[in-house]
Novice: 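Dropping the structure in here first, questions after.
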Amino acid sequence: MDVESLKYSLASIRAATDHFSDENKLGEGGFGSVYKGMLPDGEEVAVKRLAGHSRQGSQEFKNEVSLIAKLQHRNLVRLLGWCAEEGEKILIYEFVPNKSLDKFLFYSSKRGQLDWQRRYKITEGIARGLLYLHEDSRLRVVHRDLKSGNVLLDLEMNPKISDFGIARIFGPDQTHESTGQIAGTLGYMAPEYAMHGLFSAKSDVYSFGVLVLEIISGRKTNSLQQSESVEDLPNRAWKHWNNGTVEEMLDPTVRDSCSPNEVIRCVHIALLCVQDDPGDRPAMSSVVLMLNSSVTLSTPSTPAFFLRSGTMSAMPGIGFDSQVIQTDPSMGKQTQLSVNEVSITELSPR
């Protein structure tokens, strides 16, 4: 795809958003602001206006846009265009009217709209989107920040994975990578990434497992971490699994619409995804198979308990609008760095 064909003028974007009016603002974070816009042909779009202090140059920005545009899947938010003009860096995405999954899971006024059948469909869609990123696209992409706030829902409640702000492309034979600058959201991050800066497709699998447990329970994993018990959602699920009380995890609003066997199977799959050893976690191809067939599931092992340590349990949730944690391998410590306010994909061919 020719990246120049996706280029919009700043004047046309200003017109589409009524000059970035507050009435059109959909949200704001460390990355910048998102506005609803209307293109001349009547198509509604979401316009992400990146923060002015982004350190990337225009050519780097264009190169990354050309890579993002190659990701096309029904369970990914579609990039429609871009603009790099007068110091502005802007991304134009399809408009997804129902906003993010967390707005439905964690707010009582909307929670009832997600019956069990819809939650199962959303789980399957997220799994298919991740499978595409990991194995089926022209690029092998690790998202690194999969969470309920980064899953958008269209009019039919189909899920679309969004926000590739810290995603990485892997080479054909590459299995993992390490970084000294850890960016993501605590509670969804795999232990090997949060503690040692090691990430892979299996790190996304861990995040998916946490997300499935949120979909089942209607509870934020971070809300449990911030409580006095400092118990994260995977470990709560593990206790219920061993006690034979999985049904107690279920969001009360879906108890009348659910299939108990499907709930137990979903918790089982989630526990396989959040196992401590990345090698024990299934690939997303296996997860999709598990969700769509009656294939026999292996026995999960204990999830990581790393969030119980003093250093990690005291850390705030980290994301675009919070701290980035840098791991110093020589000291075994985490130090706070500047806020990660870049919301364009860290895509670089290897």
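Computed over heavy atoms, backbone and side chain alike; hydrogens, waters and symmetry mates excluded.
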Novice: Each residue besides M38 in its hydrophobic cluster should be listed here, by chain and number; the cluster joins Ile, Leu, Val, Met, Phe, Trp and Tyr at side-chain heavy-atom distances under 4.5 Å.
Specialist: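 Other cluster members: none.
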Novice: Okay, side chain of T185, backbone of Y188: is any donor-acceptor separation there less than 3.5 Å?
Specialist: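 Not at all, since once roles are kept as given, no pair shorter than 3.5 Å links the two residues.
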Novice: S21: what forms a side-chain hydrogen bond (donor to acceptor under 3.5 Å, both in side chains) with it, not counting sequence neighbours?
Specialist: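 For S21 the side-chain hydrogen bond (donor to acceptor under 3.5 Å, both in side chains) partners, ignoring immediate neighbours, are N24.
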Novice: In this structure, would I269 and M284 fall into the same cluster of hydrophobic residues linked by side-chain contacts under 4.5 Å?
Specialist: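 Yes; tracing contacts between hydrophobic side chains, which count when under 4.5 Å, links both residues.
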Novice: Taking all heavy atoms of R140 and all of H134, pick out the closest pair and write down the distance.
Specialist: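 Taking every non-hydrogen atom into account, NE-O, 3.6 Å.
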Novice: Does the side chain of V263 come within less than 4.5 Å of I216's, by heavy atoms?
Specialist: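 Result yes, sub-4.5 Å side-chain heavy-atom pair found.
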Novice: Locate the shortest heavy-atom distance separating L272 from T299; write the atom from each residue and the value.
Specialist: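 Result for this residue pair: CD2-C, 4.1 Å.
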Novice: Can you tell me how far apart CG (D136) and CG (L130) are? Round to the nearest 0.5 Å.
Specialist: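 Going from CG on D136 over to CG on L130, the span is 11.5 Å.
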Novice: What do the steps show when you test I215 against I126 for side-chain contact (heavy atoms from CB on, under 4.5 Å), and what is the final call?
Specialist: CA-CA 11 Å; I215 291 171; I126 297 169; 4.2 Å; yes
Novice: Kindly say whether S162 contributes a backbone atom to a donor-acceptor pair with the side chain of H143 at under 3.5 angstrom?
Specialist: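 The answer is yes, because a donor-acceptor pair under 3.5 Å joins these two groups.
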Novice: Can a salt bridge be assigned to the pair E85 and K7 using a cut-off of 4.0 Å between side-chain N and carboxylate O?
Specialist: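 No, this pair does not count.
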Novice: Do the side chains of P260 and L250 get nearer than 4.5 Å, heavy atoms only?
Specialist: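 When only atoms from C-beta onward are counted, P260 and L250 do not touch, as no gap falls below 4.5 Å.
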Novice: In the single-linkage hydrophobic clustering (I, L, V, M, F, W, Y; side-chain heavy atoms under 4.5 Å), do V34 and I13 co-cluster?
Specialist: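 They do not share one cluster, since no chain of ILVMFWY contacts under 4.5 Å joins V34 to I13.
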Novice: Show your reasoning for whether side-chain contact (heavy atoms from CB on, under 4.5 Å) applies to L233 and M249.
Specialist: CA-CA 10 Å; L233 203 48; M249 283 197 63; 4.2 Å; yes
Novice: Is it true that R119 and D251 have a side-chain N and a carboxylate O under 4.0 angstrom from each other?
Specialist: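 Salt bridge flag = yes for D251 with R119.
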Novice: Could you tell me which non-hydrogen atom of C266 sits nearest to which non-hydrogen atom of Y120, and how far apart they are?
Specialist: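 Nearest heavy atoms, C266 then Y120: SG-CE1, 3.4 Å.
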Novice: Using side-chain heavy atoms (C-beta onward) and a distance below 4.5 Å, is S200 in contact with Y193?
Specialist: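 No, side chains not in contact.
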Novice: Got a sec, which pairs hit salt bridge (Lys or Arg N to Asp or Glu O under 4.0 Å) with one end in residues 196-205, sequence neighbours left out?
Specialist: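 Pairs touching residues 196-205 that pass the test: none.
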Novice: Start with the C-alpha distance between R219 and R236, add both sets of side-chain angles, then the distance that settles side-chain contact (heavy atoms from CB on, under 4.5 Å), and finish with yes or no.
Specialist: CA-CA 11 Å; R219 297 192 63 175; R236 183 167 175 258; 3.5 Å; yes
Novice: Decide salt bridge (charged side-chain N to carboxylate O under 4.0 Å, His left out) for K239 and E248; before the verdict, give the C-alpha distance in whole Å, the side-chain angles of both, and the deciding distance to 0.1 Å.
Specialist: CA-CA 11 Å; K239 287 181 180 179; E248 293 183 17; over 6 Å; no
Novice: What residues join L155 in its hydrophobic cluster, counting side-chain heavy atom gaps under 4.5 Å, either direct or through other members?
Specialist: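 Its cluster mates, by chain and number: none.
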Novice: List in chain and number order the residues that pass ring pair (Phe, Tyr, Trp, His ring centres under 6.0 Å) with F95, two or more places apart in sequence or in another chain; answer none if no residue qualifies.
Specialist: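 Ring pair (Phe, Tyr, Trp, His ring centres under 6.0 Å) check on F95 returns nothing, list empty.
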Novice: Backbone N or O of S301 within a donor-acceptor pair of the Q275 side chain at under 3.5 Å?
Specialist: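 Checking the backbone N and O of S301 against the side chain of Q275, a donor-acceptor pair under 3.5 Å is found.
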Novice: Quick one: which residue pairs count as a salt bridge (Lys or Arg N to Asp or Glu O under 4.0 Å) with a foot in residues 187-201, not counting sequence neighbours?
Specialist: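 Listed by first then second residue: E192-R281.
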Novice: Please confirm whether R111 makes a cation-pi placement over F104, using NZ or CZ under 6.0 Å from the six-membered ring centre and within 45° of the ring normal.
Specialist: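 Relative to the ring axis of F104, which defines the angle, R111 lies outside at least one limit.
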Novice: Applying ring pair (Phe, Tyr, Trp, His ring centres under 6.0 Å), name anything that partners Y132, two or more places apart in sequence or on another chain.
Specialist: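 Here the qualifying residues are H73.
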Novice: Tell me every residue that passes salt bridge (charged side-chain N to carboxylate O under 4.0 Å, His left out) with R49, counting only those two or more places apart in sequence or in another chain.
Specialist: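 Here the qualifying residues are E88.
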Novice: Are V267 and V274 co-members of a hydrophobic cluster defined by side-chain heavy atoms under 4.5 Å apart?
Specialist: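 Yes; V267 is reachable from V274 via cluster members.
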Novice: Going hydrophobic residue to hydrophobic residue with side-chain gaps under 4.5 angstrom, can you get from L131 over to L139?
Specialist: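 Same cluster.
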Novice: Which residues satisfy the ring pair (Phe, Tyr, Trp, His ring centres under 6.0 Å) test with Y35, sequence neighbours excluded?
Specialist: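 For Y35 the ring pair (Phe, Tyr, Trp, His ring centres under 6.0 Å) partners, ignoring immediate neighbours, are F20.
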Novice: Within the side chain of S257, is there an N or O that forms a donor-acceptor pair under 3.5 Å with the backbone of W116?
Specialist: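 The answer is yes, because a donor-acceptor pair under 3.5 Å joins these two groups.
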Novice: Determine yes or no for a side-chain-to-main-chain donor-acceptor pair under 3.5 angstrom, with K160 supplying the side chain and R74 the backbone.
Specialist: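 Side chain of K160 to backbone of R74: a pair is present.
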Novice: Only counting residues at least two apart or in another chain, list the ones meeting ring pair (Phe, Tyr, Trp, His ring centres under 6.0 Å) with H240.
Specialist: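 For H240, no residue satisfies ring pair (Phe, Tyr, Trp, His ring centres under 6.0 Å) once neighbours in sequence are set aside.
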Novice: Could you grab the distance from atom CZ of R138 to atom CD1 of I169, nearest 0.5 Å is fine?
Specialist: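 With rounding to 0.5 Å, CZ (R138) is 11.0 Å from CD1 (I169).
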Novice: Please check if the side chain of R118 supplies one atom and the backbone of Q113 the other of a donor-acceptor pair under 3.5 Å.
Specialist: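 Side chain of R118 to backbone of Q113: a pair is present.
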Novice: With rounding to the nearest 0.5 angstrom, report the OG to CD distance, S259 to Q117.
Specialist: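 Output value for this atom pair is 9.0 Å.
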Novice: D154: which residues meet the side-chain hydrogen bond (donor to acceptor under 3.5 Å, both in side chains) condition with it, sequence neighbours left out?
Specialist: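 So D154 forms a side-chain hydrogen bond (donor to acceptor under 3.5 Å, both in side chains) with N158.
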Novice: Are the side chains of I90 and L10 in contact, using a 4.5 Å heavy-atom criterion?
Specialist: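 Touching, per the 4.5 Å side-chain cut-off.
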Novice: Look only at the side chain of N150 and the backbone of L146, and say whether a donor-acceptor pair between them is shorter than 3.5 Å.
Specialist: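 No; zero donor-acceptor contacts below 3.5 Å.
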Novice: Taking ring-ring contact (aromatic ring centres under 6.0 Å, His included) as the cut-off, I'd like each qualifying pair that reaches into residues 247-288, sequence neighbours left out, listed once.
Specialist: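 Non-adjacent pairs meeting ring-ring contact (aromatic ring centres under 6.0 Å, His included): W241-H268.
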Novice: Look only at the side chain of N75 and the backbone of P159, and say whether a donor-acceptor pair between them is shorter than 3.5 Å.
Specialist: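 Yes.
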Novice: Looking at every heavy atom in both L80 and R78, which two are closest together, and how far apart are they?
Specialist: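 In terms of heavy atoms, the two residues are closest at CD2-NH1, 3.1 Å.
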Novice: Nearest 0.5 Å, what's the CG-CG distance between L153 and L114?
Specialist: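 One finds 7.0 Å between CG of L153 and CG of L114.
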Novice: Please assess E214 against K220 for the test salt bridge (charged side-chain N to carboxylate O under 4.0 Å, His left out), listing each intermediate value before the final yes or no.
Specialist: CA-CA 6 Å; E214 287 189 329; K220 296 180 183 180; over 6 Å; no
Novice: Taking the side chain as C-beta and beyond, is there a heavy-atom pair between T123 and F208 under 4.5 Å?
Specialist: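 Touching, per the 4.5 Å side-chain cut-off.
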Novice: Could you tell me whether the side chains of D102 and S100 share a donor-acceptor contact shorter than 3.5 Å?
Specialist: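 The answer is yes; a qualifying pair exists.
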Novice: Give the minimum heavy-atom separation between P300 and W238, together with the two atoms involved.
Specialist: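 So the two residues come closest at O-CH2, 3.5 Å.
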Novice: Give the C-alpha distance, both sets of side-chain angles, the deciding distance and a yes or no for salt bridge (charged side-chain N to carboxylate O under 4.0 Å, His left out) between D163 and K48.
Specialist: CA-CA 10 Å; D163 214 327; K48 181 177 286 188; 3.7 Å; yes
Novice: Can you check whether C273 reaches V212 side chain to side chain, under 4.5 Å on heavy atoms?
Specialist: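 C273 does not reach V212 side chain to side chain.
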Novice: Does some side-chain heavy atom of E44 sit less than 4.5 Å from a side-chain heavy atom of K36?
Specialist: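 In short, these two side chains touch, coming nearer than 4.5 Å.
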Novice: Does one hydrophobic cluster hold both L39 and V77, with members joined at side-chain heavy-atom distances below 4.5 Å?
Specialist: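 Looking at the clustering, V77 is in a separate group from L39.
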Novice: Please tell me if the side chains of L152 and L101 come closer than 4.5 Å, counting only heavy atoms from C-beta onward.
Specialist: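 A side-chain contact is absent here, since even the closest heavy-atom pair is not under 4.5 Å.
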Novice: Taking S217 for its side chain and L213 for its backbone only, find out whether a donor-acceptor pair lies under 3.5 Å.
Specialist: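 At least one qualifying donor-acceptor pair exists.
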Novice: Between the side chain of S293 and the main-chain N/O of M290, is any donor-acceptor distance below 3.5 Å?
Specialist: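 Side chain of S293 to backbone of M290: no pair is present.
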Novice: If every non-hydrogen atom of A167 is compared with every non-hydrogen atom of V141, which pair is closest and at what distance?
Specialist: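 It is CB-CG1, 3.9 Å.
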